[in-house]
2 protein chains.
Amino acid sequence: MRKITDRQKQVLEYICDFIDEHAYAPSIRDIQKHFELKSTKGVKDHIDRLVEKGFLIRTEGTARALKVVRENDTSRKIPLVGTVAAGLPLLAEENIEDYLPVSADMARTDGMFFLRINGDSMINAAILDGDLVLVRPQPFVEQGEIAVVRIGDEATVKRLFRFNTRVELHSDNPNYKPFVFFDSDEDVRIVGKVTAVLRTLE
Amino acid sequence: MRKITDRQKQVLEYICDFIDEHAYAPSIRDIQKHFELKSTKGVKDHIDRLVEKGFLIRTEGTARALKVVRENDTSRKIPLVGTVAAGLPLLAEENIEDYLPVSADMARTDGMFFLRINGDSMINAAILDGDLVLVRPQPFVEQGEIAVVRIGDEATVKRLFRFNTRVELHSDNPNYKPFVFFDSDEDVRIVGKVTAVLRTLE
DNA sequence: CTCCTACCTATACATATGTTTACTTATGAA
DNA sequence: TTCATAAGTAAACATATGTATAGGTAGGAG
């Protein structure tokens with residue numbers, strides 16, 4: 001269904017590289033020269049096939065109006081909204097410290113954000129003080145997954161376990177005791193799940 | 001030094017928006033139509049000024065060869081070149097598995113790359129099996145920093161200590177003994193320094 | 001074999017697009 | 001005032017670029 005011949009692949013790759021280098025697409029004759037073809041027709045054929053097969057999008061009759069369909073538009077800007085364990089008005093736009101690019105593979109969902117970790121409470125999960133965690137907002141997590149939880153006005157990152165009517169927040173550090181809450185407690189809400197960790201070493 | 005008139009600003013903004021929408025730049029006549037000008041000359045003037053002032057880069061005589069100079073190009077594509085602790089021909093282009101976007105702040109140097117960590121030898125440095133480490137190529141590291149070292153044809157990630165003529169590679173895991181090498185050993189080379197860690201949790 | 005597709009050459013043709021010359025109008029600085 | 005610059009009109013001109021017609025060769029599927 002999405003087969004591609006070797007030659008078409010070569011052409012597609014050249015187009016990708018060209019755009020990468022020039023920030024604009026090659027003309028048909030640019031491609032022709034590169035492959036040392038004697039006619040523009042061959043190139044046109046290749047492009048038409050690549051468009052048919054969905055690898056390219058183009059505007060007909062327009063110069064250099066060629067766009068490579070990227071399976072995954074690989075980069076997304078994710079806001080860093082603050083530090084956990086400080087009074088944290090989550091997702092308040094005024095609090096965005098920075099935007100960090102992240103692979104779209106890692107940030108498929110809308111509304112994801114980064115939090116900076118404060119303290120060593122998750123040290124056994126290999127999350128250190130100062131690390132950034134990528135959070136996907138969702139109202140639940142699987143048993144034992146690492147979650148961002150809001151308790152009143154504060155946010156915290158903990159490993160979450162659910163029993164009957166009880167929820168336990170475990171630090172991955174033997175020095176800290178678990179927090180225990182009950183479903184009736186309206187002040188506790190799961191904000192989202194930690195889906196990645198990013199640490200800078202210098 | 002980088003003044004811009006209101007009109008020029010309008011033109012620049014239109015160009016930005018157009019590229020954003022189409023993935024290719026507008027032609028002079030596209031711009032002309034949008035501003036309802038009666039001649040292409042005015043547009044050409046604007047573009048020439050914008051190029052002079054450094055807001056645009058363009059290739060003369062080429063259709064739609066217009067590039068907006070972005071102050072903060074915050075994202076860089078970094079190649080993931082393989083897994084450490086497997087026989088690893090470092091930086092061989094054929095081995096690039098993927099490209100991951102990284103904040104330009106983290107990847108100021110050229111030639112940086114990602115490695116996937118295999119094994120638990122750096123567990124006490126909070127680097128786990130499967131984590132990706134961002135590497136800046138350099139022939140030295142400070143005492144105790146985490147480095148990528150090539151031993152023969154294999155690469156490994158270790159904490160590096162240097163004494164007189166001796167180099168020790170420490171795993172951050174009490175179960176592994178340090179490797180010891182000597183300067184005379186030509187088979188051992190520091191590839192670079194680990195500057196960041198990236199982990200995906202799902 | 002026949003038919004289809006991938007791939008290519010050769011040669012035009014149409015038009016999209018960049019470039020230029022000549023002139024106008026308005027504004028602000030010297 | 002005079003001069004420079006921004007901004008624009010008008011009309012061509014040159015060429016970069018997309019498109020089309022008419023073929024040819026090779027290989028695989030039926």
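FYI, side chains are in, hydrogens and waters are out, and symmetry mates aren't considered; it's all heavy atoms of this structure. Labels below follow one simple rule: chain letters A, B, ... track the order of the sequence lines, proteins then strands, and each chain is numbered from 1.
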Between A:Arg58 and A:Glu60, does any NZ, NE, NH1 or NH2 come within less than 4.0 Å of an OD or OE carboxylate oxygen?
no
Anything under 30° is parallel, anything over 60° is perpendicular, the rest tilted; go ahead and classify A:Phe181 against A:Phe179.
parallel
Distance check: side-chain N/O of B:Thr5 vs OP1/OP2 of D:dA7, anything under 4.0 Å?
yes
In whole Å, what is the span from the NZ atom of B:Lys44 to the P atom of C:dG18?
10 Å
Between B:Gln32 and D:dT9, is there a side-chain N or O to OP1/OP2 distance below 4.0 Å?
no
Just the rounded figure in Å: distance from P of C:dA16 to CD1 of B:Ile31.
17 Å
Just how far, in rounded Å, is C1' of C:dA12 from NZ of A:Lys38?
19 Å
Within the 4.5 Å heavy-atom criterion, are A:Leu132 and A:Leu100 side-chain neighbours or not?
yes
Could you tell me how far apart B:Lys41 (NZ) and C:dT24 (P) are, to the nearest whole angstrom?
15 Å
Where the side chain of A:Ile28 is concerned, which of D:dG18, C:dA10, D:dA10 is the nearest nucleotide?
D:dG18
Output yes when at least one side-chain N/O atom of A:Arg49 is less than 4.0 Å from OP1 or OP2 of C:dA6, else no.
yes
In whole angstroms, the gap separating P of C:dA10 from CD of A:Glu36 amounts to 14 Å
Kindly say if B:His46 contacts the phosphate of D:dA6, meaning a side-chain N or O under 4.0 Å from OP1 or OP2.
no
Scan A:Gly61 against the nucleic acid and name what it touches under 4.0 Å (heavy atoms): base, sugar-phosphate only, or nothing.
sugar-phosphate
Hey, does the side chain of A:Arg64 come within less than 4.0 Å of D:dT17's phosphate (OP1/OP2), counting only N and O?
yes
To the nearest angstrom, how far is B:Asp45 atom CG from D:dT5 atom C1'?
11 Å
Taken to the nearest whole Å, CG/A:Asp6 to P/C:dC7 is 8 Å
For B:Ser39, report the nucleic acid contact type (base, sugar-phosphate, nothing); a contact means any heavy atom under 4.0 Å.
base
Shortest non-hydrogen contact from B:Ala125 to A:Arg199?
O-NH1, 3.4 Å
As a test of reading the structure: which of C:dC8, C:dT21, D:dT19 is closest to the side chain of A:Thr40, going by heavy atoms?
D:dT19
When you measure from the side-chain N and O atoms of A:Arg58 to the phosphate of D:dT17, is any distance below 4.0 Å, counting only OP1 and OP2?
no
Salt-bridged, B:Arg64 to B:Asp30, with N to O below 4.0 Å?
yes
Residue met sooner reading DNA chain D from 5', once A:Glu60 and B:Gly42 are mapped to nucleotides
B:Gly42
Looking only at side-chain N and O atoms, does A:Arg7 come under 4.0 Å of OP1 or OP2 in D:dA26?
no
